[in-house]
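We're numbering straight along the sequence, starting at 1. From a predicted model like this one, the values you see are computed outputs, not experimental measurements.
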Amino acid sequence: MKNEIKMIALDMDNTLLMPDRTLSARNTNILRKLHSSGKTIVLTTGRPLPNVTPFISQLGLDKPDDYVILFNGAVVKNIHSSKNILDNHFNLSDVNEVFNLIHNIHLSVDIVTPDQVYSIKNFGQSGYVNLIGSLLPYSEKKLSELPKDLTFNKFVVCAEEMNLNYLENILQHTPILTKNITFVRSRRTLLEFVPYGVSKGTALSKLLQNLSLSADSLMAFGDEANDYSMLSLARVAVAMDNAIPTIKNVANNVTKSNKQDGVAVFLENYFKI
């Protein structure tokens, strides 16, 4: 059965990457070996492409059938051709009601497009700038200053865990506000919003179909709520030791933490490398 795994999908932050958001030599080496042997390696992340490109290069993912999944599944991009086989996005009119709610409970909003981040100035100071890094332009704009025809693949609310719990509770009990959106935690202090029905699992299903593969050939690694759908899909579902309980429950394997190169530990053992 083990030789039937053909695709390995990897969440990045707090899964593949170290706590300092770097890719270790051990994880790099095993993934390069598996890629060279014919395995499809798919980075499956909430990040936009500029924040993934250095790791794509480090792993040598440049073959014609190499893909990356961005924005928690909103975009599936062929790395070699730069063409998208999936691209789900918002318009500002899609999110008016949710933005009003977020503003009324005094939380910040950051809009993330493929090439920049807009922090909504009249919603208050956001902590997201500390997470996004320097590879993507970051600017503060009033909502009224944004182009009316702006499209974006996700927006986020970065706040204390208790504040996000409160916001999630409201959204879960107000379905009229969520008819255009799907929301999910990517870490305890970050709530991400994508177009309705978008998830890492649905994106992987699309990619598997595109490559004429089935979920029986999929292995996936994750740690947070936004990884639930892809771990549910995968035949070999691996939770990190640092994963939240829900992810450990849906997985059929648990490996060491991201601090301990848990991805490499599992892959070396599974494939006997």
Side-chain angles (χ1 to χ4, degrees), residues 9 11-13 42-52 67-78 82-103 107-120 123 126 128 131-132 136 141 143 146-159 164 167-187 190-210 220 222 224-233:
D11 171 58
M12 294 181 64
D13 294 288
V42 185
L43 300 180
T44 309
T45 179
R47 294 176 175 220
L49 184 62
N51 286 16
V52 185
Y67 291 83
V68 62
I69 292 175
L70 308 166
F71 298 109
N72 284 322
V75 171
V76 181
K77 181 179 288 292
N78 182 284
S82 293
K83 292 181 179 178
N84 295 335
I85 64 169
L86 191 68
D87 184 1
N88 291 289
H89 52 263
F90 290 118
N91 297 303
L92 285 170
S93 60
D94 296 325
V95 298
N96 281 337
E97 294 175 341
V98 176
F99 275 21
N100 286 337
L101 166 66
I102 294 168
H103 185 256
L107 293 176
S108 64
V109 166
D110 293 88
I111 290 174
V112 189
T113 77
D115 51 18
Q116 59 187 307
V117 179
Y118 296 106
S119 180
I120 307 305
F123 281 42
S126 166
Y128 189 58
L131 299 179
I132 197 66
L136 208 62
K141 296 279 188 182
L143 197 56
L146 295 173
K148 298 303 180 187
D149 60 351
L150 180 70
T151 62
F152 48 100
N153 297 102
K154 75 171 183 178
F155 65 93
V156 303
V157 177
C158 184
L164 293 185
L167 174 56
E168 273 195 300
N169 185 60
I170 295 174
L171 293 170
Q172 286 163 354
H173 291 88
T174 319
I176 193 170
L177 290 177
T178 57
K179 60 183 183 296
N180 295 322
I181 64 171
T182 292
F183 56 94
V184 68
R185 292 277 183 96
S186 61
R187 58 182 73 200
L190 191 64
L191 187 62
E192 306 205 13
F193 296 79
V194 290
Y196 185 79
V198 163
S199 72
K200 292 184 178 183
T202 55
L204 279 167
S205 293
K206 174 71 172 178
L207 180 56
L208 287 165
Q209 181 182 21
N210 193 72
E224 255 292 353
N226 62 330
D227 301 316
Y228 188 95
S229 60
M230 73 171 179
L231 267 63
S232 299
L233 178 68

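Side chains of Val157 and Phe193 form a contact here, defined as non-hydrogen atoms less than 4.5 Å apart. Taking the side chain as every heavy atom from C-beta outward, Met230 and Asp11 approach each other to under 4.5 Å. Between Thr113 and Leu150 there is a side-chain heavy-atom pair separated by less than 4.5 Å. Side-chain contact check for Arg47 versus Leu136: every heavy-atom pair is 4.5 Å or farther apart. Annotation: side chain of Phe71 is not in contact with side chain of Val198 (no heavy-atom distance under 4.5 Å). Considering only heavy atoms from C-beta on, Thr151 comes within 4.5 Å of Asn91 through its side chain. Here the side chains of Ser119 and Asp110 are in contact, with some heavy-atom distance below 4.5 Å. At least one side-chain heavy atom of Leu233 sits under 4.5 Å from a side-chain heavy atom of Leu208.
Using a 4.0 Å cut-off between charged nitrogen and carboxylate oxygen, Glu224 and Lys200 do not count as a salt-bridge pair.
For Lys148, there are no salt bridge (Lys or Arg N to Asp or Glu O under 4.0 Å) partners, not counting sequence neighbours. Listed by chain and residue number, Phe152, Phe155 satisfy the ring pair (Phe, Tyr, Trp, His ring centres under 6.0 Å) test with Phe90 (two or more places apart in sequence, or in another chain).
One finds the OG1 atom of Thr182 at 6.5 Å from the OH atom of Tyr196 (value rounded to the nearest 0.5 Å). Atom CD1 in Ile85 sits 5.0 Å away from atom OH in Tyr67 (nearest 0.5 Å). Interatomic distance, CG of Leu167 versus CG of Leu101, reported as 6.0 Å (0.5 Å rounding). Atom OG1 of residue Thr45 and atom CG of residue Asp227 lie 9.0 Å apart, to the nearest 0.5 angstrom. The CD atom of Glu192 sits 12.5 Å away from atom CD1 of Ile181, with the distance rounded to the nearest 0.5 Å. Atom CG of Leu164 sits about 12.5 Å away from atom CG of Asn169, to the nearest 0.5 Å.
Here the closest heavy-atom approach between residue Thr178 and residue Leu171 is recorded as CG2-O, 3.8 Å. The two residues Leu92 and Asn96 have their closest heavy-atom pair at O-OD1, 3.3 Å.
Lys154 places no side-chain N or O within donor-acceptor distance of the main-chain N or O of Val194, the cut-off being under 3.5 Å.
The local environment of CD in Gln209 is sparse, with at most 12 non-hydrogen atoms from other residues, nucleotides or ligands closer than 6.0 Å. Atom NZ of Lys83 sits in a sparse spot, with 12 or fewer heavy atoms from other residues, nucleotides or ligands closer than 6.0 Å.
Between the side chains of Asn226 and Asn72, at least one donor N or O sits under 3.5 Å from an acceptor N or O. Defined by atom type and a distance below 3.5 Å, a donor-acceptor pair is present between the side-chain atoms of Asp87 and Asn153.
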